[in-house]
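Just the heavy atoms: all of them, side chains too, but no hydrogens, waters or symmetry mates, feed the values below. The first residue in the sequence is number 1, and the count goes up from there.
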Amino acid sequence: MEPAIRPRRKSRIRILPIVGYILVVLAIAWFFQQQATTTVIFVRHADVDTSAPLDNDTPLNARGRQRAELLADFLADVNITSGVDAIYATVARRTQETAQPLATRLGQKLNIDDPYDVDRLVRRIFRDRRGKITLIVADADAIPPLIAELHGKHPLPAFGEGDYSEIYVVTVPYYGKVKTLRFRFDEPLEEAPVGTSSSGDASTALGSQP
């Protein structure tokens with residue numbers, strides 16, 4: 001008497017859910033891997049004369065113009081493949097003059113926006129610049145609320161009166177912890193020509209907040 005042959009259909013039916021589960025897991029893993037990190041760089045405007053009234057028409061002084069060039073040196077090649085993708089400044093002349101040297105080198109126009117409308121500006125960044133590198137140049141008091149809205153380091157160390165060379169970099173992954181880094185680029189020399197190049201110092205990690 002020949003042994004009975006067990007049907008294979010039931011085995012195949014049992015395997016199908018396992019294969020489907022594996023495919024779903026792989027698809028989810030691929031999806032999250034493809035979501036690029038959004039990076040926002042914050043810089044305070046460069047030096048202005050302390051004797052001048054701080055209004056929207058206050059320009060940079062000579063030292064501030066040197067510092068703006070050093071900032072452009074520091075950020076021009078921040079990303080080996082593409083660099084800064086968009087540059088935002090405020091209506092204040094001092095922020096636009098700080099951002100303009102980098103914009104000129106990268107062939108970009110400045111985006112003028114209100115950094116004090118925190119929620120709207122952050123929504124605009126994630127609507128238009130998701131997965132990109134964005135620079136925002138603003139007054140010192142506008143930067144901490146924006147970083148807090150991104151769930152970065154909060155509170156930040158207070159800006160000193162002469163702290164014009166600090167750069168805050170906030171990286172926002174699609175999934176995971178937001179990281180906040182602080183960098184400093186070189187101080188301008190009193191007699192240095194405007195085109196002096198510079199390289200930045202090492203970074204200091206300030207921490208992360210989920």
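The backbone N or O of V170 lies less than 3.5 Å from no partner atom in the side chain of T180, so there is not a single donor-acceptor pair. R129 places no side-chain N or O within donor-acceptor distance of the main-chain N or O of T38, the cut-off being under 3.5 Å. Using a distance-only test at 3.5 Å, with no hydrogens or angles considered, no donor-acceptor pair links the side chain of T39 to the main chain of I133.
Linking Ile, Leu, Val, Met, Phe, Trp and Tyr residues whenever their side-chain heavy atoms come within less than 4.5 Å leaves V137 and V48 in two separate clusters. At a threshold of 4.5 Å between side-chain heavy atoms, the hydrophobic network of Ile, Leu, Val, Met, Phe, Trp and Tyr places L135 and L70 in one connected group. Both L102 and V43 are part of a single hydrophobic cluster, where members link through side-chain heavy atoms under 4.5 Å apart. In the hydrophobic clustering of this structure, Y88 does not group with Y116; members are Ile, Leu, Val, Met, Phe, Trp, Tyr whose side-chain heavy atoms approach within less than 4.5 Å, directly or through other members. At a threshold of 4.5 Å between side-chain heavy atoms, the hydrophobic network of Ile, Leu, Val, Met, Phe, Trp and Tyr places L54 and V91 in two separate groups.
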_I'd like to know whether H151 forms a side chain to side chain contact (heavy atoms under 4.5 Å, CB included) with K177, so could you lay out the CA-CA distance, the side-chain angles of the two residues, the decisive distance to 0.1 Å, and finally the verdict._
CA-CA 9 Å; H151 302 291; K177 292 183 178 181; over 6 Å; no

*Residues I112, Q96; criterion side chain to side chain contact (heavy atoms under 4.5 Å, CB included); working and verdict*: CA-CA 8 Å; I112 307 303; Q96 296 178 30; 3.8 Å; yes

*Run the side chain to side chain contact (heavy atoms under 4.5 Å, CB included) check on T171 and V178 step by step: do they pass?*
CA-CA 6 Å; T171 56; V178 175; 5.8 Å; no

*Check the pair L106, V84 against side chain to side chain contact (heavy atoms under 4.5 Å, CB included), reporting the backbone distance first and the verdict last.*
CA-CA 8 Å; L106 299 180; V84 174; 3.9 Å; yes

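Using a 4.0 Å cut-off between charged nitrogen and carboxylate oxygen, E97 and R93 count as a salt-bridge pair. At a threshold of 4.0 Å, the pair D139-R94 counts as salt-bridged, since one of the basic side-chain nitrogens sits closer than that to a carboxylate oxygen. Using a 4.0 Å cut-off between a side-chain N of Lys or Arg and a carboxylate O of Asp or Glu, R124 and D113 qualify as a salt bridge.
With values rounded to the nearest 0.5 angstrom, I167 atom CD1 is found 9.5 Å from R184 atom CZ. Residue D47 holds its CG atom at 10.5 Å from CZ of R65, rounded to the nearest 0.5 Å. To the nearest 0.5 angstrom, E149 atom CD is 11.0 Å from H154 atom NE2. To the nearest 0.5 Å, atoms CZ (F42) and OH (Y168) are separated by 11.5 Å. Once rounded to the nearest 0.5 Å, the distance linking CD1 of I87 with CG of N111 reads 8.5 Å. Taken to the nearest 0.5 Å, the CD1 atom of I147 stands 4.5 Å off from the CG atom of L156.
Nearest heavy atom pair, residue Q108 against residue A86, reads OE1-CA, 3.5 Å. Nearest heavy atoms, A142 versus A138: CB-CB, 4.1 Å. Nearest heavy-atom pair, G131 versus A36, reported as atom, atom and distance to 0.1 Å: CA-CB, 3.8 Å. Of all the heavy atoms in G160 and R44, the pair that sits closest is O-NH1, 3.0 Å. Contact detail for A52 and T58: the closest heavy-atom pair is CB-CG2, 4.3 Å. Minimum heavy-atom separation, L110 to A99: CD2-CB, 3.7 Å.
Counting only N and O atoms by type, the side chains of T90 and T95 include a donor and acceptor under 3.5 Å apart. Between the side chains of D49 and N61, at least one donor N or O sits under 3.5 Å from an acceptor N or O.
T134 has its side chain out of reach of I41: every pair of non-hydrogen atoms, C-beta onward, lies at least 4.5 Å apart. Between F183 and E166, the closest side-chain pair of non-hydrogen atoms is not below 4.5 Å. In this structure, K179 and K153 have side chains that are not in contact, with every pair of non-hydrogen atoms separated by 4.5 Å or more. Side-chain atoms of V172 and F126, non-hydrogen and from C-beta on, do get closer than 4.5 Å to each other. The shortest distance between side-chain heavy atoms of P115 and L146 falls below 4.5 Å.
A cation-pi geometry, defined here as NZ or CZ lying under 6.0 Å from the six-membered ring centre and within 45° of its normal, does not hold between R67 and Y164.
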